[in-house]
Amino acid sequence: MASLKDEIVKQEKKVTQPKKSPVTKLTSTRNKKKNFASASIQVEPVMYQRFKQINQMNGQSNNAVIRNLIAQYVRENKELLDQEF
């Protein structure tokens with residue numbers, strides 16, 4: 001049978017050693033600065049299939065292509081941000 005002192009030490013160790021949550025393991029400091037956009041778009045199945053095939057043939061993911069499209073759009077239209085309304 002363990003002594004009272006041993007039991008107290010065990011309880012203190014449980015309290016002082018917080019368990020890491022799986023969520024903190026999944027997120028990293030590098031991802032905290034990124035913004036995520038979720039969009040649901042309706043596209044004909046044939047169009048989406050062609051989109052996927054073209055991306056695969058180019059060796060790119062669907063998300064990478066969408067990120068590139070957003071970046072291109074911002075570059076082409078950034079002068080609008082400088083205009084006063």
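These numbers were taken from a predicted model, which means no experiment stands behind them.
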Give the table of side-chain donor-acceptor pairs shorter than 3.5 Å for residues 64-72, with sequence neighbours excluded, one pair per line with atom names and distance.
from, atom 1, to, atom 2, distance (Å)
Asn68, ND2, Ala64, O, 3.3
Gln72, NE2, Glu76, OE2, 3.1

Requested in this report: Please round to the nearest 0.5 Å and tell me the distance separating atom CD of Glu79 and atom CG of Leu81.
Outcome: 8.5 Å

Requested in this report: Scan for side chain to side chain donor-acceptor pair (under 3.5 Å) pairs involving residues 39-52, sequence neighbours excluded, and state none if there are none.
Outcome: Tyr48-Asn62

